[in-house]
2 protein chains.
Amino acid sequence: MEGVEIMGLQSLYDKLAESNYKLTPQRRAILQVLEDNQGEHLSAEQIFFMVRSRLPNIGIATVYRTLELFAGLGLLRKTSFDEGKFRYEFDDVDRHRHHHLVCLQCGKIVEIEEDLLQQLEREVEKKGFQVIDHSLVIYGRCPSCK
Amino acid sequence: MEGVEIMGLQSLYDKLAESNYKLTPQRRAILQVLEDNQGEHLSAEQIFFMVRSRLPNIGIATVYRTLELFAGLGLLRKTSFDEGKFRYEFDDVDRHRHHHLVCLQCGKIVEIEEDLLQQLEREVEKKGFQVIDHSLVIYGRCPSCK
DNA sequence: GTCATTGCAAATTTTTTGCACTGCA
DNA sequence: TGCAGTGCAAAAAATTTGCAATGAC
């Protein structure tokens, strides 16, 4: 349940450069917003409004294109919490995907670090399905809503 | 991995009637399509096209309204598999939510019956989060794609 | 200077809503 | 026969695309 260790912004910049993508002010600002809000799970629209306070002229298409690019590079994870839209968060390539607790009352989304799915994955692999990734979302009520 | 036992169509009809909803031909046809495709995870559009072969004049708004109604009654579960749209399937109220395996290669979605999450849920509850439901999706490659 | 990237606006895709008409209980 | 339910068309919400102009390297 503790904070997530992610690579610094600098290494994110490096990773972009490695891939021959330009580090434009728009991309820098979007990365900055994501870093400033680690632990949140922001929608494209939320990111757009936050980035606009730095870059008032940015278009929402740029935000979408950038998020898509970052997700493709493995920098971000794009997840649906069954709300009809996507949310984005940093993705730590070294770590197994973490899981989420969604409070059905206040909507808060928090992370769980434990990975107790390995046994389940072994069962699944026994049946011939090669596991590449998984997504676990637990719905309920968070401590403060109880 | 085996087929899901659900209540017969008749008890679904009863459940609708109990709730004072009318059993219109549209609703009947949508239920029928869902029953004919158990194990599939159909999108609203797929259901629309399938129902249209029985009721050519049905509107897609009716499909959406009906699916929303059924989901509200607990007859259906509405899930997002990170594709930007929802998919619907029968929901067995007596059974714990089952989980899904999504093949990243052919897109096939199959179900797993095992519920090995109870231990994880106990861990989560220890931390003060009341678990109401959960959703587990495992991504990988199915036996025939390997 | 080049070409990837951007902003804008228009298009697409998915879902929802308003409203007059219809047909089920 | 009343009012829930429907079809249609338009609106809304989320995302994508086309294109001329721009600016990072």
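Treat the numbers as computed from the prediction; the structure is a model and nothing was measured. We name chains A, B, ... by the order of the sequence lines, and we start the count at 1 in each one.
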Counting side-chain heavy atoms from C-beta on, which of [options] comes nearest to [X]?
X: K22(B); options: dT6(D), dT15(D), dA25(C); value: dA25(C)
X: E45(B); options: dG5(D), dT16(D), dT14(C); value: dT14(C)
X: Y64(B); options: dT14(C), dT6(D), dG23(C); value: dT14(C)
X: T24(B); options: dT15(C), dG7(C), dT6(D); value: dT6(D)
X: P25(A); options: dA24(D), dT16(D), dT15(C); value: dA24(D)

Let me know the distance between [atom1] of [X] and [atom2] of [N], rounded to the nearest Å.
X: I47(B); N: dT15(C); atom1: CD1; atom2: C1'; result: 13 Å
X: N57(A); N: dT22(D); atom1: CG; atom2: P; result: 12 Å
X: R28(A); N: dT5(C); atom1: CZ; atom2: C1'; result: 15 Å
X: R54(A); N: dT6(C); atom1: CZ; atom2: P; result: 16 Å
X: Y21(A); N: dT2(C); atom1: OH; atom2: C1'; result: 18 Å
X: E83(B); N: dT15(C); atom1: CD; atom2: C1'; result: 15 Å
X: F48(A); N: dT16(D); atom1: CZ; atom2: P; result: 15 Å
X: I30(A); N: dG7(C); atom1: CD1; atom2: C1'; result: 13 Å

Side-chain N or O of [X] closer than 4.0 Å to phosphate OP1/OP2 of [N]:
X: Q26(B); N: dG7(D); result: yes
X: T62(A); N: dG7(C); result: yes
X: R27(A); N: dA4(C); result: no

Checklist entry - Do R52(A) and N57(A) come within less than 4.5 Å of each other through their side chains, counting heavy atoms only? => result no
Checklist entry - Is there a donor-acceptor contact under 3.5 Å linking the side chains of R54(A) and Q32(A)? => result no
Checklist entry - NA contact type, I58(A), heavy-atom cut-off 4.0 Å: base, sugar-phosphate, or nothing? => result sugar-phosphate
Next on the checklist: Base, sugar-phosphate or nothing for L23(B)? Non-hydrogen atoms, less than 4.0 Å.
Outcome noted: sugar-phosphate
Item to check | Atom of Q26(A), atom of L55(A) and distance for their closest heavy-atom approach | outcome: CA-CD1, 3.6 Å
Checklist entry - Stepwise, does the side chain to side chain contact (heavy atoms under 4.5 Å, CB included) test hold for I30(A) with F70(A)? => result CA-CA 10 Å; I30(A) 289 169; F70(A) 289 173; 4.2 Å; yes
Next on the checklist: Please determine whether any donor N or O and acceptor N or O are separated by less than 3.5 Å between the side chain of R65(B) and the base of dG18(C).
Outcome noted: yes
Item to check | Heavy atoms of other groups near E83(B) CD, more than 12 under 6.0 Å | outcome: yes
Checklist entry - 5'-most contact on DNA chain C: A61(A) or S43(B), nearest heavy atom basis? => result A61(A)
